[in-house]
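Throughout, numbering of the chain's residues begins at 1 and tracks the sequence. Counting starts at 1 for both ligands and their atoms, in listed order.
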Amino acid sequence: MQSDQKLLLYEGKAKRIFKTDDPDRVLVEYKNDATAFNALKKSEFEGKGRLNCQISSILFELLESEGVPTHYLGIVDENLMMAQKVDVIPLEVVLRNIATGSLCRETPILSGTEISPALLDLYYKDDALQDPLLTNARLEVLNLISKERYNQIENLARKVNKILSNFLSKVDLILVDFKLEMGVNTNGNLVVADEISPDTCRIWDKRTKDLNDRILDKDRFRKDLGGIVQAYEEIFNRIKGISSNPRIYK
Ligand code: UDP
């Protein structure tokens with residue numbers, strides 16, 4: 001299936017969303033493009049789209065097997081998945097198990113500090129506003145979601161954190177932090193949407209103590225460390241070894 005034959009609904013920084021004949025379903029194409037720092041830094045990595053699509057499908061199927069609803073329906077091609085059409089809630093739900101990244105740039109919290117229970121940070125998803133961090137009070141004034149929806153989002157995000165952290169630790173990978181997006185599908189149910197990949201998660205390798213070598217996620221690009229595709233491949237190979245093949249969408 002060629003993407004140029006499909007009707008493009010939306011193009012984001014790392015994915016394209018296409019319409020299908022079914023109004024409840026969309027095709028998600030993972031691109032090789034990489035961006036960081038609100039797209040001030042851009043590049044392209046051959047193989048990244050395929051790896052993120054395959055890693056996301058394994059992780060979505062894992063979540064589903066643990067009772068977490070997601071938008072994922074199945075793999076269509078190596079960099080293409082079928083998903084439920086959802087209204088994405090414009091929030092970036094970030095869970096942090098270990099302090100690093102913006103948390104350490106913006107506060108005196110030392111990088112590497114373990115955070116338990118995980119810190120949940122909500123950001124308003126808007127490139128023009130540079131995805132600002134929200135306080136609970138601002139979220140209330142924003143009037144975007146009800147208290148009940150907030151509780152659902154928090155519970156789901158914390159459950160996802162437990163499932164992913166346990167799973168990755170089985171192959172010596174540490175889930176440092178990650179970002180989720182959630183949406184409401186056409187049945188009105190809250191589901192985990194977007195992607196779950198080394199573009200949206202920080203993942204460290206327990207098998208090395210070297211502070212750069214252990215980074216297996218998009219920080220390799222942010223910090224100009226090189227070897228981004230090899231790092232993503234390493235994650236894919238490890239988790240593939242403890243998962244069944246993702247289902248093919250027919
Ligand atoms: N993240 C993301 N998209 C964003 C912002 C953050 O996927 O637009 C992920 C990021 O990869 C990391 C986590 O959310 O796993 C926390 O990111 P942080 O707030 O530390 O921001 P950064 O340091 O990347 O600017």
Side-chain angles (χ1 to χ4, degrees), residues 10-15 28 30-31 33-43 45 48-49 51-53 55-56 59-60 63 70-71 88-115 117-135 138-139 153-154 156-158 160-165 167-168 173-183 192-205 211-212 214-225 228-229 231-232 235 239:
Y10 170 81
E11 177 151 10
K13 291 186 282 254
K15 293 186 296 300
V28 182
Y30 287 69
K31 304 195 289 187
D33 300 346
T35 63
F37 313 118
N38 205 20
L40 286 177
K41 182 169 178 173
K42 288 185 198 165
S43 196
F45 297 96
K48 184 180 83 80
L51 286 162
N52 278 351
C53 184
I55 292 169
S56 278
L59 298 178
F60 278 134
L63 292 179
T70 80
H71 74 153
V88 174
I89 300 169
L91 290 175
E92 300 202 334
V93 184
V94 170
L95 265 279
R96 302 176 190 274
N97 297 306
I98 299 177
T100 188
S102 69
L103 181 62
C104 298
R105 290 197 303 274
E106 294 164 4
T107 74
I109 299 168
L110 292 179
S111 178
T113 306
E114 287 190 24
I115 312 172
L119 173 64
L120 177 113
D121 278 334
L122 290 183
Y123 296 82
Y124 185 63
K125 194 175 147 60
D126 185 327
D127 283 342
L129 297 175
Q130 298 185 32
D131 301 341
L133 175 64
L134 294 174
T135 59
R138 286 184 182 194
L139 185 61
I153 290 173
E154 169 157 18
L156 208 53
R158 291 194 182 279
V160 169
N161 185 33
K162 288 214 174 86
I163 296 166
L164 293 183
S165 296
F167 175 73
L168 293 171
L173 297 173
I174 301 168
L175 183 61
V176 174
D177 61 27
F178 63 100
K179 184 258 306 185
L180 291 178
E181 291 182 26
M182 297 188 194
V192 176
D194 195 47
E195 66 180 285
I196 307 177
S197 75
D199 268 10
T200 61
C201 303
R202 285 195 172 95
I203 295 173
W204 290 348
D205 186 359
L211 297 186
N212 286 335
R214 70 180 180 180
I215 296 172
L216 297 178
D217 54 70
K218 201 164 88 172
D219 271 354
R220 298 204 70 83
F221 171 61
R222 295 187 187 98
K223 296 170 184 259
D224 290 319
L225 295 174
I228 179 167
V229 174
Y232 287 26
I235 294 175
I239 64 175

Q | Where ligand 1 meets D131 - atom numbers and elements under 4.0 angstrom, heavy-atom basis | A | 8 (O)
Q: Look at the side chain of K31 and the backbone N and O of G12, then say whether any donor-acceptor pair between them is shorter than 3.5 Å.
A: yes
**Q.** Result of checking V160, L59, I196 against F178 for side-chain contact (heavy atoms from CB on, under 4.5 Å)
**A.** V160
**Q.** Atoms of ligand 1, numbered as shown, that sit under 4.0 Å from any heavy atom of G101
**A.** 20 (O), 23 (O)
Q) Does some side-chain heavy atom of D194 sit less than 4.5 Å from a side-chain heavy atom of L180? A) no
Q.
One residue to check: K218. Relative to ligand 1, which of side chain, backbone, both or neither has a non-hydrogen atom less than 4.0 Å away?
A. neither
Q) Which atom pair, heavy atoms only, marks the closest approach of I174 to I98? A) CG2-CD1, 3.7 Å
Q) Hey, does R222 sit under 4.0 Å from ligand 1 if you only count heavy atoms? A) yes
Q: Considering only non-hydrogen protein atoms, determine which one is nearest to atom 22 (P) of ligand 1 and report residue, atom name and distance to 0.1 Å.
A: R202 NH2, 3.5 Å
**Q.** Identity and separation of the nearest protein heavy atom to atom 5 (C) of ligand 1
**A.** E92 OE1, 3.6 Å
(Q) Heavy atoms only, cut-off 4.0 Å: how does C201 contact ligand 1, side chain, backbone, both, or neither? (A) backbone
(Q) So for D217, does at least one of its heavy atoms come nearer than 4.0 angstrom to any atom of ligand 1? (A) no
Q | Pair D219 + R202, salt bridge at N-O below 4.0 Å | A | yes
Q | Note: D33-K48 ion pair, threshold 4.0 Å (strictly below) | A | no
Q.
Within the 4.0 Å heavy-atom shell around D199, which atoms of ligand 1 are there?
A. 7 (O), 11 (O)
Q) Backbone N or O of L175 within a donor-acceptor pair of the N97 side chain at under 3.5 Å? A) yes
Q. Is the gap between the ring centers of F221 and F45 under 6.0 Å?
A. yes
Q. Taking non-hydrogen atoms only, is Y123 closer than 4.0 angstrom to ligand 1 via side chain, backbone, both or neither?
A. side chain
Q.
I want to check something: taking the side chain as every heavy atom from C-beta on, are D199 and Y30 in contact at a cut-off of under 4.5 Å?
A. no
Q.
Under a 4.0 angstrom heavy-atom cut-off, which atoms of ligand 1 come close to V94?
A. 14 (O), 16 (C)
(Q) Return the closest protein heavy atom for atom 18 (P) of ligand 1 as residue, atom name and distance. (A) S102 OG, 3.3 Å
(Q) Between R220 (side chain only) and Y232 (backbone N and O only), is there a donor and an acceptor less than 3.5 Å apart? (A) no
Q | Residue, atom name and distance, where the atom is the protein heavy atom closest to atom 7 (O) of ligand 1 | A | K179 CE, 3.1 Å
Q) Under 4.0 Å from ligand 1, counting heavy atoms only, is it the side chain of T200, its backbone, both or neither? A) both
Q. Starting from atom 13 (C) of ligand 1, which protein heavy atom do you reach first, and at what distance in Å?
A. D177 OD1, 3.5 Å
Q) atom 25 (O) of ligand 1: which protein heavy atom is closest, and how many Å away? A) R105 NH2, 3.0 Å
